[in-house]
Amino acid sequence: MSRTVSDILLSILVLLLQTTVVRFLSIQGIVPDIVLLWIIYLALRHGQIYGTLAGFLLGLTLDLISGPESMLGLAALTKTLAGFIAGYFYNENKTLQTLGGYQFILITAMVSLVHNVIYFVLFLQGSGLQWGDMLMLHGVPTTVYTTAVCLLPMFAFARKVLS
Amino acid sequence: MVKRLYDIVLLFKEYVVAAFCLLLSIFLLALNDTPQIRVLRSYALVAVGLLQDGVSVVPNYFELRRENDALRNMNLALSDEVSRLREGKLENLRLHQLLGLKERHEYRYIAANVIGRNLQLLRNTITVDVGENDGVRVNMPLVNESGLVGKITGTSSHYAVGQILLNRDLRVSAKVQRSRVDGIIRWNGGSTLHLYDVARTMDVQTGDLVITSEYSGLFPPGIKIGTVSRTEAMSGSLFQIVEVMPSVDFTRLEEAFVLVSEPDSARISLEKQPH
């Protein structure tokens, strides 16, 4: 119970960070997706169902707070999928090893790429823009940036594992 | 059953939860009215259409049976309609030809349907659905688009009976159109008529057209009777046998016209007087 409550509180914090502070880390308009990172972490820590539900709820919240310009349900959909895919790599006995090892980087990179591909494919429908171009312009850099940011928690968990 | 279902759900709970969340997300996406969603809706429509198309290949027995019954009924109704249309077309064709006949002659015609035939071997008659109330009188000629049919021999208020050319009692004054050779048309049974009283020296050839002559007190001149189908000189006789194929097909006689041509009573009475 306390775990869930703490996760909810942390989720709120992550959402706040994503919508306020993270934009200061923008490079050429590209920002890391720390909400996605948080969902991957939850899925690897607590399992597939937890990750899926967390992805859906956080995505839905993002949709709701992103204003009328956003597509309600798009973030919920992509982040649900992200949580579900990340949950495949859940191993109850090796949680810390996964989070503190290179697997975390690979999982983040893969999940982020899938997330961004689906996001841009859906988001750019009917806009006349080539989703492939937009993916190369925004999706891949976001994936790279998010994967780069995931190195920070990875090193933190690696230290924890070593200690 | 419920327990089994529960076990299955439990076994695949991760997928069930993911599917539920994804469906909910898609539902929320569908609520948007943005260009992106409109395009996605059209894709979904295409996908559903393809799916339905694929599924429709699998036949539904009960549906097929019902469809089969409906098609059979429709087939029956259409066959009936085709038959009636065909009948109408043929009738239209015949009436067109009859109209053409009316335009060729200046007589008044009374259109009649042949409603009965009395085929008594040598005394064949037909019954038509017009009578005295319509102006039909005894001895009026019966014609159709092909030529002379016969003459009226009996009338009631609404019906009339007529002798046809294939009646031994009917004689018609006729002539060969090309050579103007006169004779008397009469039927002796068989499929052809005979032109009597034609001298063997007269010029009559196969294919010659035979028409009513002006010597007839009943039939106006020029009505087609038939064509000469055979000529043969009678041995030991001054006359020749002239067979005439009637131009009217009596086996398919359905409509006719009563030709309103009153016999010239003055002429008839004069001709009857001894001279």
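Every chain is numbered from 1 and lettered A, B, ... according to where its sequence line falls, protein lines coming before strand lines.
Around CZ of B/R66, the count of heavy atoms belonging to other residues, nucleotides or ligands within 6.0 Å does not exceed 12. Surrounding OH of A/Y50 are more than 12 heavy atoms belonging to other residues, nucleotides or ligands, all under 6.0 Å away.
You'll find the side chain of B/L29 stays beyond 4.5 Å of the side chain of A/L72, heavy atoms only. Counting heavy atoms from C-beta on, the side chains of B/K13 and A/I49 come closer than 4.5 Å. By the 4.5 Å heavy-atom criterion applied to side chains, B/V17 and A/L53 are counted as neighbours.
With rounding to the nearest 0.5 Å, the separation of CG in B/L24 from CG in A/L60 is 7.5 Å.
Neither the backbone nor the side chain of B/F20 comes within contact range of chain A, judged by heavy atoms closer than 4.5 Å. Heavy atoms of A/L57 lying under 4.5 Å from chain B are absent altogether.
Contacts between residues 80-110 of chain A and chain B, defined by a heavy-atom separation under 4.5 Å, are made by A/T80, A/L81, A/F84, A/Y88. Using non-hydrogen atoms only and a strict 4.5 Å limit, no part of residues 140-152 of chain A faces chain B.
Of all non-hydrogen atoms in A/G73 and B/S25, the two that sit nearest each other are O-CB, 3.7 Å.
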